[in-house]
Structures are given as C-alpha cells and as structure tokens.
Amino acid sequence: DDDSAGAEKGHHGLWVTGFAAGFVDDPSNYIDSATATNVRGVNSTSNVVMVDVGKPMMSEVSPGVYITKLVITDVLRGIKTAINKGAKIVNVSIGADTASCKDDVCKIKRQKEFRLSNIGALEIARKNKSLVVFAAGNDYLKTDNELFTDTEDEYSALWRAYSIVVGASTNSPKLTDVDFSRMGSVVDLLAPGDNIGFSQAGVDVIVSSHTGRGTSYAAPLVTGAGSLLYSLNGSLLPPETKHIITSSAGETVDTTYSPKKHLDVDAAIRSAKLLDHISLSELPIVKFTSKDQKKSVDLPVTIPTSGVS
C-alpha cells in the first residue's frame with residue numbers, strides 16, 4: 001500500500017489493515033496518549049501478511065494531497081506474494097485508475113483491463129484455496145455490470161468463485177450506497193464506507209477528522225469477516241466462504257442500483273457454524289468439447305441439522 005510516503009501522508013494502508021485486523025493496546029503510540037483507547041478490527045486475532053505495492057511520487061498536488069503511483073504488475077505481484085506467504089484471504093483496496101476518463105465507457109474499459117490483469121493471481125488463489133476481496137472503486141459508476149468483454153468471458157467463473165467485490169454504504173440518514181461507490185451486478189455486496197474510522201479520542205492522530213470514506217475501507221470489513229469464518233470453520237473453501245458472506249447479507253440497502261445486499265457479520269458467522277464439519281465435495285473435472293454441449297453431473301449433498309446456538 002502507500003504507507004511508505006510517511007505516516008502523515010500515507011495512512012491508507014494503515015486504516016485498511018486496521019479495519020480488517022487492527023489490534024492496539026498501547027496508548028503510547030499516539031500523540032494524545034492521555035486519552036488513547038484500544039483498537040479492534042473485525043478480526044483482531046488475524047495473522048496479517050503485509051505487502052507494499054505502492055510507489056510514492058514525491059509531489060503534493062494540493063495542500064495535504066499526495067500522489068502515489070501504482071502499476072498493475074505491482075498489484076498482481078502483491079496478491080501472489082500474500083497468497084504464497086499463506087494468506088487465506090487477501091484484501092485489495094486498489095483498482096484501475098479512471099481519474100482521467102471522460103465517460104463511463106472509459107471507466108468500464110479500464111476496470112475490465114484491471115480485472116483481466118489479475119487473472120493470474122486468481123489462478124494462484126484457486127490452487128492455494130484462497131479468497132481475494134476487491135474494493136469496487138470510487139469513480140461514481142453505477143452500471144458496472146460486466147466482469148470482462150465477451151471474448152474474455154471464460155474467466156468469469158474463476159473470478160466469481162475466488163473473489164468478492166465490495167461497494168460502500170452510508171447510514172446517513174438511511175442505509176444506501178455512497179454517491180461515489182461503484183455499483184452494478186459485478187459488485188457482490190456493500191459494507192460501511194462513509195465517514196468510518198477509529199473515532200475514539202486519541203486513537204487516530206493521522207487524520208484530524210478521525211474518519212475516512214471509500215470502498216477501500218468497506219472491503220477490509222468483508223475481509224475481516226471472511227477471516228472470522230475461517231477461524232470458526234477451517235474446512236471452508238473460498239467459494240463456500242463467498243457464498244456464506246453474500247447469501248447471509250440481507251437486501252437492506254435503499255438504492256435503485258444493484259446490489260442491495262449489505263454485509264451482516266453476525267448472520268455470516270451463524271451460517272459458518274451451521275456448516276462446521278460439512279465439507280464441500282470436490283468433483284472430477286468435467287470437460288466440454290463444444291460451447292453448446294450438455295452433460296449430466298451428479299452432485300452429492302449433505303444437509304446440515306437446523307438451528308445454531
């Protein structure tokens with residue numbers, strides 16, 4: 001991430017990690033230590049693998065605003081590095097650069113290119129049984145409905161099974177999508193991403209407002225939830241984990257766009273407990289020789305007992 005720019009200029013990675021897995025009991029870390037309190041992310045017991053993919057430019061474009069240069073190969077290498085170091089779930093709060101786009105066509109094209117560039121990382125995720133969580137993006141696009149172009153759609157199944165795309169919600173004055181958050185059928189669910197932060201007195205001295213906004217901060221809440229599920233049920237495979245998170249998310253978002261689903265950590269935990277000791281069967285690969293070919297496949301199903309204490 002971009003923290004190599006210095007604490008006062010590069011708080012993004014610190015916050016992303018803190019929301020997913022923060023754990024601080026040492027008030028001496030903060031300038032106003034007299035009022036500092038503890039910090040807890042969604043899963044404060046996680047083992048965190050830190051990977052820096054940012055290349056900071058030494059330029060200030062406006063007072064307090066600094067540019068961090070990122071190249072796609074760095075993001076791809078970062079995902080691979082995290083997985084190869086044993087990460088079961090990887091948070092990617094970085095996306096395509098669409099700032100120079102003049103229209104939605106350009107924004108859609110660049111994001112598709114970004115996804116295509118990460119297919120190799122998702123192949124590694126599949127082989128290592130890892131899940132990758134992506135921030136949807138903050139460019140106000142509300143019609144992100146296609147993962148890839150028609151000619152590249154063969155990758156859609158891999159992407160949908162081993163990744164989660166997270167948009168940002170706001171609860172002021174009602175639960176809805178934030179104006180800047182990407183929306184569309186590519187986005188799997190929303191999580192809080194507007195004016196969130198470590199707002200206790202003394203906890204955050206990097207940003208005076210104590211809060212931030214962005215899908216970058218919504219994604220790690222889902223990542224933290226996913227790590228909780230793994231800690232409760234270590235037999236879960238990435239497609240199962242994604243299904244639990246998305247299927248337990250209630251359609252509670254007041255929006256005219258898709259999705260309406262919102263992260264519900266408690267419901268996801270209950271579902272994970274229900275599936276404990278019930279493993280997902282891995283079937284032999286079924287090969288097709290033509291696009292319209294049809295085959296019958298038998299799927300063994302284990303029905304869990306009802307009720308979770």
Side-chain angles (χ1 to χ4, degrees), residues 1-5 10-23 41-56 68-97 111 113-137 147 155 158-166 188-189 191 193 214-242 244-246 263 268:
D1 217 297
D2 61 358
D3 288 338
S4 55
H11 62 277
H12 183 268
L14 174 64
W15 276 23
V16 168
T17 306
F19 292 150
F23 181 91
V42 177
N43 185 2
S44 58
T45 63
S46 298
N47 293 321
V48 178
V49 177
M50 301 293 293
V51 181
D52 192 340
V53 299
K55 291 185 177 180
T68 299
K69 180 181 179 181
L70 295 171
V71 293
I72 287 178
T73 52
D74 288 333
V75 178
L76 176 62
R77 188 184 302 115
I79 297 172
K80 290 180 177 179
T81 299
I83 292 173
N84 288 333
K85 287 187 175 182
K88 293 287 292 180
I89 184 164
V90 180
N91 186 89
V92 184
S93 287
I94 296 172
D97 182 4
Q111 192 67 2
E113 291 171 347
F114 175 78
R115 293 175 192 135
L116 187 63
S117 73
N118 285 299
I119 288 299
L122 289 184
E123 285 284 5
I124 292 177
R126 179 184 63 80
K127 292 177 181 178
N128 290 274
K129 300 180 180 179
S130 298
L131 182 64
V132 185
V133 179
F134 290 91
L147 282 167
Y155 302 115
L158 176 68
W159 187 277
R160 293 191 183 282
Y162 290 91
S163 75
I164 300 178
V165 180
V166 185
D188 292 296
L189 77 167
T215 57
S216 282
Y217 301 146
L221 300 180
V222 174
T223 301
S227 71
L228 278 175
L229 302 191
Y230 283 128
S231 68
L232 292 169
N233 187 345
S235 68
L236 290 173
L237 295 176
E240 290 180 292
T241 304
K242 175 175 181 175
I244 290 172
I245 291 173
T246 56
L263 175 66

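- With values rounded to the nearest 0.5 angstrom, Leu221 atom CG is found 9.0 Å from Asn91 atom CG.
- Residues meeting the side-chain contact (heavy atoms from CB on, under 4.5 Å) test with Ser227, sequence neighbours left out: Asn43, Ser46, Ile89.
- For the pair Tyr155/Leu116, a side-chain contact is recorded, criterion being any heavy-atom separation below 4.5 Å from C-beta on.
- Taking CG of Asp74 as the reference point, atom CD1 of Ile94 lies at 9.0 Å (rounded to 0.5 Å).
- Looking at Lys88, its side chain never comes within 3.5 Å of a backbone N or O of Leu131 through a donor-acceptor pair.
- Contact detail for Pro238 and Tyr230: the closest heavy-atom pair is CA-OH, 3.7 Å.
- In this structure, CG in Leu236 is found 4.5 Å from OG1 in Thr241, a value given to the nearest 0.5 Å.
- A pairwise comparison of heavy atoms in Gly22 and Ser44 identifies O-CB, 3.2 Å as the closest pair.
- Contact record, Ala121 with Ile79: CB-CG2, 3.6 Å, taken as the closest heavy-atom pair.
- With rounding to the nearest 0.5 Å, the separation of OG in Ser93 from CZ in Phe19 is 10.0 Å.
- Residue Gly137 comes nearest to Thr215 through the heavy atom pair N-OG1, 3.1 Å, listed as atom of the first residue, atom of the second, then distance.
- One finds the CG atom of Leu76 at 10.5 Å from the CD1 atom of Ile119 (value rounded to the nearest 0.5 Å).
- The two residues Ala191 and Val222 make their nearest non-hydrogen contact at CB-CG2, 4.1 Å.
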Query raised in the report: Can you list the steps and then say if Leu147 with Arg160 is a side chain to side chain contact (heavy atoms under 4.5 Å, CB included)?
Result: CA-CA 9 Å; Leu147 282 167; Arg160 293 191 183 282; 3.7 Å; yes
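- Under the 30°/60° scheme for interplanar angles, the aromatic rings of Phe134 and Trp159 are found to lie parallel.
- In this structure, Asn84 places its CG atom where more than 12 heavy-atom neighbours from other residues, nucleotides or ligands lie under 6.0 Å away.
- In terms of the side-chain hydrogen bond (donor to acceptor under 3.5 Å, both in side chains) criterion, Ser130 has no residue partners (sequence neighbours excluded).
- Scanning both residues, Met50 and Val48, for their nearest heavy atoms gives SD-CG1, 3.5 Å.
- Between the CG atom of Leu122 and the CD1 atom of Ile83 there is a distance of 7.5 Å, given to the nearest 0.5 Å.
- The shortest distance between side-chain heavy atoms of Ile245 and Leu263 falls below 4.5 Å.
- Under a 3.5 Å cut-off, the side chain of Lys242 and the backbone N or O of Ile164 do not form any donor-acceptor pair.
- In this structure, the side chain of Ser163 does not engage the main chain of Val132 through any donor-acceptor pair within 3.5 Å.
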